[in-house]
Amino acid sequence: MTSVRIIRNGRIIDPANHEDTVRDLHIDTEGWISRDCPDENIISPNAIIDASGKWVIPGLIDLSARFREPGHEHKADIHHESLAALSGGVTSVCIPPDTNPVIDSPAVVDLIRQKCRGRTVPRIFPLGAATVGLKSAQLSEIAALKDAGCIGISNADMPVPNNQMMRNIMDYSASHGMKIFLGTQERDLARCGCVHEGFIASRMGLAGIPAASEIISITRDLALIETTGVEAHFCRLSTAQGIELIKSAQQHGLPVTADVAVHQLFLTDNDIGGFNSNMHVLPPLRTRRDRDALRQGIIDGVITAICSDHQPHEADAKLAPFAETEPGMSTMDTFLPLILKLATDNIIPLKALIKCCTSHPAKIISKSSGSLSPGFAADIAILDPEPEWIYNTDNGLSRGKNSPFNGWLFTGRISHTLLAGKLCYRRNLPEHGPP
Amino acid sequence: MNHPLQPDQAGSLKHFLTIEGLKREILVSILDTAEPMTEVTDRSIKKIPLLRGKTVVNLFFEPSTRTRTTFELAAKRLSADVLNIAVDTSATIKGESLLDMLRNLEAMHVDMFVVRHPQSGAAHFIAQHVAPHISIINAGDGRHAHPTQAMLDVFTIRRHKPDFGALRIAIIGDILHSRVARSQIHALNTLLTGEVRVIAPKTLLPVDVESLGVKVFYNLRAGLKGVDVVIMLRLQHERMQAGRLPSEHEYYHRYGLTRDRLQLAKPDALVMHPGPVNRGVEISSSVADGSQSVILEQVSHGIAIRMAVMSMALDRTRAAS
């Protein structure tokens, strides 16, 4: 049973409601944000969180994070990755379907729900596989996946090379009101590559993935979206040209959205030097020009979501020559810190950034969340904007230590995370339950 | 890009992973050290005791005859004990990891690994994870680097034409997949060569290859004009299957080095090839065996250069201990 709570005297930053004021925030007994001020005489002092000097923002919504369960428990698990998410203020997470077994049937969705039961976890929204086993040969039971609770469908990082198959996926999804989450790599140009095709790849003798891979993929999918009328979201843009394509489609009235992985807003192919396998990620780190275009894409509102693209790995997955390592970075521990860094470094305004990890992704997954409006679930992150700290993967809560941000200096840290009004993370105290 | 792994704190060579980033003085000292080594090879008793008591492991994850045997001979002429290990990569991928294999070999108290591996960056990876007393010599990693080959090539050039600043050098063929070409380009540029050219169709050139410091020619005749050294690269048959070239026939007609075409270069131009030679594919027999060819010299210089590099790397460890 949740009790009434007051978050006292915090700086409420709720860009979706154009609010930035210092005030109290109230939560009712059902875990909803409330307009009414409860009678302070009847609530316990434990239910009052002193947020003086702190920021109170909506809980973050991450459009892509791998928790590796089921099937890849040697890399990570729901328990640890949930703690990492909640300790970083993330209260909702979309899970791509490339688990093992793949999320291509309601049974796997149920399995994930079972594994979450009895644990402190954020809200978990699975994406259903577009094709059986992600093999692009046969449609999944998309309607059944929707009934089981999938919020959209996706072929994860597996391109769908056959144009007719992609059209069928889109037509069928549109028939059932399912949104499609699209990857942006064309199979043949991306197949052997592990880094951006450019002079860094040429120097290092690593096979490259040209920007054209993304251009071809987005161009084809935009044409099919227009034909089929499916609701679509483009995942993990990496090139300046990709942004231009999305922008022009939006200008022509196509209701498509796009996101970017947080690491793409910082790193470039120049950071791969010395064959650092923690920089092996797909889509690959591109050029400085691409990175700057991605940043500008957020400022211009072409890209409306930033996700962690969290991909924890066991140490062995990264202990091999570069091209033989598994792609992906563990980024959950630094998701919000990196987003805040874009504001403290004066790269992107804070309000735009907060929208990109709260209200905008909520809209993309059609959920009434991501803001502090009365009547919304009290998914709330409270952060202390002052402290400077250095990220050390050894102290991170994610089991994935494959972070390229080890040793980076950050400003600002989550102090409390509330999920439906319940305190589910508090720094320096045990992570389970309220004190 | 810097490679802090290569020279140790005192500035001597610890590992030899790539030419890129090495100072000109280091390259020159390798070349100078190799000079007397060629004399050892000419003696009736071809052994000097520089590495007596040291153990060198040739760890080859790719088939090789020439490179492996010259490394083996080089180590033996320096009086080291040599162990040859040929690993079938298809067997290692799923079973023992590269790192496990290294740990096991380390436990046998070896002093140096000479590594060839099909993946770019493999030698760096091993150097990063190996016990600190062990030296790593890169004998070819993927498309990335083959530094001893490049050193023996510049050694051969220097013996004939010592003033690099006055030279125009053309590298012809599959630059894209060639670790040899990448290392040659870095070595030639570090030695301040007048002009380095690459000649190939775009399907065999890396993107932005100009950024490596070369002038690009798609036309062989134009590229050969006035050059002092012609370096041919081996064309792998797989390139046709991958759709990068229509046929060996057309390749030979456009990019093969024939006696006629060689006349576009300077009259005393050297003809080089890292081997093994595909006669009638990238080079005609009459040119490969002709008077301007130094292909066999390259092979014997390979032993001297490898002796130089090995002794420099292991001498350093001895000095430190």
Side-chain angles (χ1 to χ4, degrees), chain A residues 74 187-215 239 241 267-280 284-290 313-327 402 406, chain B residues 1-6 17-21 61 89 92-94 96-103 115 117-129 138 140-146 175-183 185-186 198 205-214 242-243:
Chain A
H74 59 294
R187 181 192 61 174
D188 297 329
L189 287 172
R191 188 177 347 230
C192 304
C194 56
V195 294
H196 171 67
E197 183 183 278
F199 78 93
I200 299 283
S202 294
R203 290 180 99 94
M204 302 180 80
L206 292 169
I209 301 175
S213 167
E214 183 164 304
I215 299 169
T239 65
Q241 298 96 316
L267 305 171
T268 67
D269 62 348
N270 221 2
D271 293 306
I272 297 163
F275 297 95
N276 180 354
S277 62
N278 280 337
M279 300 291 175
H280 183 190
L285 300 175
R286 304 260 183 207
T287 65
R288 195 191 179 88
R289 183 179 149 260
D290 293 305
H313 282 297
E314 79 282 19
D316 279 351
K318 291 290 188 183
L319 282 175
F322 191 91
E324 285 179 2
T325 57
E326 292 182 51
N402 52 305
N406 191 30
Chain B
M1 210 179 312
N2 60 348
H3 297 291
L5 284 168
Q6 292 198 267
L17 308 177
T18 173
I19 305 272
E20 190 182 1
F61 295 86
T89 36
T92 52
I93 286 166
K94 292 285 168 244
E96 188 179 27
S97 80
L98 181 53
L99 222 46
D100 285 336
M101 178 175 289
L102 280 181
R103 296 281 172 261
V115 184
H117 196 282
Q119 290 293 353
S120 299
H124 279 77
F125 172 73
I126 291 171
Q128 275 160 1
H129 291 98
N138 185 3
D141 63 324
R143 308 172 178 184
H144 172 238
H146 192 353
I175 315 286
L176 176 64
H177 297 93
S178 177
R179 52 193 170 214
V180 174
R182 282 181 180 75
S183 286
I185 291 167
H186 291 309
V198 295
L205 287 172
V207 168
D208 289 338
V209 64
E210 298 87 347
S211 68
L212 298 176
V214 296

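Letters A, B, ... are given to chains in the order of the sequence lines, protein chains preceding strands, and every chain is numbered from 1.
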Starting at CG of A:Asp316, measure out to CG of B:Asp100 and round the result to the nearest 0.5 Å. 7.5 Å
How far does CG of A:Asn276 sit from CZ of B:Phe125, to the nearest 0.5 angstrom? 12.0 Å
Does [X] reach the side chain of [Y], with side-chain heavy atoms less than 4.5 Å apart?
{"X": "A:Pro321", "Y": "B:Leu98", "answer": "yes"}
{"X": "B:Ser120", "Y": "A:Phe275", "answer": "yes"}
{"X": "A:Phe199", "Y": "B:Leu212", "answer": "no"}

Would you find a donor on one side and an acceptor on the other, under 3.5 Å apart, between the side chain of A:Ser202 and the backbone of B:Val209? no
Nearest atoms (heavy-atom pairs only) where A:Arg203 meets B:His144: O-CD2, 3.7 Å
Which atom of B:Gln119 lies closest to which atom of A:Ala323, heavy atoms considered: OE1-CB, 3.2 Å
Contact part of B:Arg182 toward chain A, heavy-atom cut-off under 4.5 Å: side chain, backbone, both or neither? side chain
With only heavy atoms counted, which part of B:His177 is less than 4.5 Å from chain A, the side chain, the backbone, both or neither? neither
A:Phe322 ring center within less than 6.0 Å of B:His124 ring center: no
